[in-house]
Amino acid sequence: RMNVKKMFAATAGMLIVASSLPVSVLGAASYSDELQGAYNYAYSKGITTMSSIDNANMYGELTRGQLAKMISNWAEKELGTKAVDTTAVCSFSDAHTAEGDLAAYVKKACQMGLMGQGITSFRPNDKVTRGEFGTTLSRAIWGTKYDGATPYYANHLQALKDKGIMTKIENPSQ
């Protein structure tokens, strides 16, 4: 059974900049039980491939390319309902600028209907906003059910809040 709250905690821990810096103990970062649990879940599910919590950048920000990899892996492995539509045309003028293997995941996330619909520039190296994250997570869970609002993320964020998955939906550009 899918645990959406754990997925959110795992991804949010990696996506959103923490409000305080990690406490340092003899030069090593210290993590709360929540962040440690989020990392353990994310690593066990293949959401992150970082082999240690210190390498996972738990207090950092995530790029759109990195989110594409994380969300497409999670949706495919955990949900099993997000098939890749290889006939979908997902060609972005800037996909080649994504670091490492992320260009392939940019295309995969698009072909799964999670990210990149109706745009020609993906911006794989831009930081993920709360609105983009919420929309992507919502599409992984519910497909296109909440698409069509103006702004595009409004219904997605509200649905996540209504279900208790996200509690903070203010400041979607954060």
Side-chain angles (χ1 to χ4, degrees), residues 2-19 38 41-42 45-48 56-58 60-95 97-99 102-174:
M2 156 184 83
N3 189 328
V4 174
K5 286 187 181 183
K6 277 192 176 182
M7 165 52 189
F8 174 72
T11 307
M14 294 177 193
L15 293 178
I16 301 171
V17 176
S19 60
Y41 176 82
K45 299 299 182 183
I47 296 168
T48 183
N57 191 21
M58 297 297 284
E61 295 175 321
L62 213 61
T63 66
R64 289 174 47 82
Q66 292 165 333
L67 176 59
K69 182 175 184 175
M70 292 174 68
I71 200 76
S72 62
N73 281 343
W74 179 74
E76 188 174 54
K77 291 176 184 173
E78 260 322 273
L79 302 180
T81 58
K82 291 289 173 197
V84 178
D85 178 3
T86 57
T87 65
V89 177
C90 293
S91 179
F92 304 103
S93 61
D94 58 354
T97 66
E99 62 182 82
L102 297 181
Y105 289 98
V106 164
K107 184 173 183 175
K108 182 177 182 180
C110 175
Q111 289 180 329
M112 293 174 84
L114 302 173
M115 297 177 77
Q117 282 58 54
I119 60 175
T120 57
S121 178
F122 191 87
R123 304 178 344 267
N125 302 309
D126 284 7
K127 303 298 181 202
V128 174
T129 67
R130 179 175 287 157
E132 291 167 338
F133 171 73
T135 299
T136 303
L137 179 60
S138 173
R139 286 179 180 153
I141 299 167
W142 300 299
T144 59
K145 181 176 181 178
Y146 296 106
D147 280 356
T150 301
Y152 72 92
Y153 51 77
N155 291 345
H156 293 285
L157 293 181
Q158 191 61 53
L160 291 165
K161 185 173 184 177
D162 291 347
K163 302 286 186 193
I165 297 169
M166 280 180 87
T167 58
K168 296 181 186 210
I169 63 170
E170 305 80 28
N171 303 320
S173 61
Q174 181 177 354

Asker: Would a 4.5 Å heavy-atom cut-off, applied to side chains only, mark E170 and K161 as touching?
Answerer: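 Yes, their side chains come closer than 4.5 Å.
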Asker: Under the criterion side chain to side chain contact (heavy atoms under 4.5 Å, CB included), I'd like the reasoning laid out for D147 against Y152: C-alpha separation, chi angles, the key distance, then a yes or no.
Answerer: CA-CA 7 Å; D147 280 356; Y152 72 92; over 6 Å; no
Asker: Tell me, please, which residues at least two apart from A104 pass side chain to side chain contact (heavy atoms under 4.5 Å, CB included).
Answerer: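 Side chain to side chain contact (heavy atoms under 4.5 Å, CB included) check on A104 returns nothing, list empty.
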Asker: I want to check a possible cation-pi pair here: R64 against F122, using under 6.0 Å from ring centre and within 45° of the ring axis as the test.
Answerer: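 Output yes; distance and angle both within limits.
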Asker: For D94 and R123, indicate whether the former's side chain and the latter's backbone hold a donor-acceptor pair under 3.5 Å.
Answerer: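 Looks like yes, one N/O pair under 3.5 Å.
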Asker: Where the side chain of Q66 meets the backbone of T63, is there a donor-acceptor pair that is under 3.5 Å apart?
Answerer: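 Yes; judged by distance alone, with no hydrogens or angles, the pair exists.
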Asker: F133 pairs by side chain to side chain contact (heavy atoms under 4.5 Å, CB included) with which of I71, L67, L160, L157?
Answerer: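 So, applying the side chain to side chain contact (heavy atoms under 4.5 Å, CB included) to F133 and each of I71, L67, L160, L157, only L67 qualifies.
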Asker: Taking N125 for its side chain and T97 for its backbone only, find out whether a donor-acceptor pair lies under 3.5 Å.
Answerer: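 Checking the backbone N and O of T97 against the side chain of N125, a donor-acceptor pair under 3.5 Å is found.
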Asker: Give me the atom names and distance for the closest heavy-atom approach of Y146 to S138.
Answerer: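 Where Y146 meets S138 most closely, the heavy atoms are CD1-OG, 3.8 Å.
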Asker: Measuring from atom CH2 of W142 to atom NZ of K163, what distance do you get when rounded to the nearest 0.5 angstrom?
Answerer: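 Here the interatomic distance stands at 6.0 Å.
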Asker: Between T129 (side chain) and E132 (backbone), is there a donor-acceptor pair under 3.5 Å?
Answerer: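 Checking the backbone N and O of E132 against the side chain of T129, a donor-acceptor pair under 3.5 Å is found.
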Asker: Would you say F92 and V106 make side-chain contact, with heavy atoms under 4.5 Å?
Answerer: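 Touching, per the 4.5 Å side-chain cut-off.
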Asker: Enter the distance from D85:CG to C90:SG here, rounded to the nearest 0.5 Å.
Answerer: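 Reported to 0.5 Å precision, the distance equals 8.0 Å.
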Asker: Closest approach of Y105 and S72, non-hydrogen atoms and distance?
Answerer: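 The answer is CD2-OG, 3.6 Å.
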Asker: How many angstroms lie between CD1 in I119 and OG in S93, if you round to the nearest 0.5 Å?
Answerer: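 It is 9.0 Å, given to the nearest 0.5 Å.
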Asker: How about K107: does its NZ atom have over 12 heavy atoms from other parts shown lying under 6.0 Å from it?
Answerer: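 No, because the 6.0 Å sphere around NZ of K107 holds 12 heavy atoms or fewer from other groups.
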Asker: Does the pair W74 and L137 meet the rule for a side chain to side chain contact (heavy atoms under 4.5 Å, CB included), with working shown?
Answerer: CA-CA 10 Å; W74 179 74; L137 179 60; 4.1 Å; yes
Asker: Under 3.5 Å, is there a donor-acceptor pair between the T135 and H156 side chains?
Answerer: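 No.
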Asker: Please determine whether side chain to side chain contact (heavy atoms under 4.5 Å, CB included) holds for the pair S173 and R130, giving the CA-CA distance in whole Å, both sets of side-chain angles, and the decisive distance to 0.1 Å.
Answerer: CA-CA 6 Å; S173 61; R130 179 175 287 157; over 6 Å; no
Asker: Let me confirm one number: the CZ-CE distance from R139 to M112, rounded to the nearest 0.5 Å.
Answerer: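 Reported to 0.5 Å precision, the distance equals 13.0 Å.
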Asker: If only atom types and distance count, is the side chain of Q111 paired as donor or acceptor with the main-chain N or O of V89 below 3.5 Å?
Answerer: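 Between the backbone of V89 and the side chain of Q111 there is no qualifying donor-acceptor contact (under 3.5 Å).
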Asker: Looking at every heavy atom in both A103 and A98, which two are closest together, and how far apart are they?
Answerer: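 Heavy-atom minimum between the residues: N-CB, 3.8 Å.
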Asker: Any salt bridge between K69 and E99, counting N to O under 4.0 Å?
Answerer: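 Salt bridge between K69 and E99, a charged N being under 4.0 Å from a carboxylate O: no.
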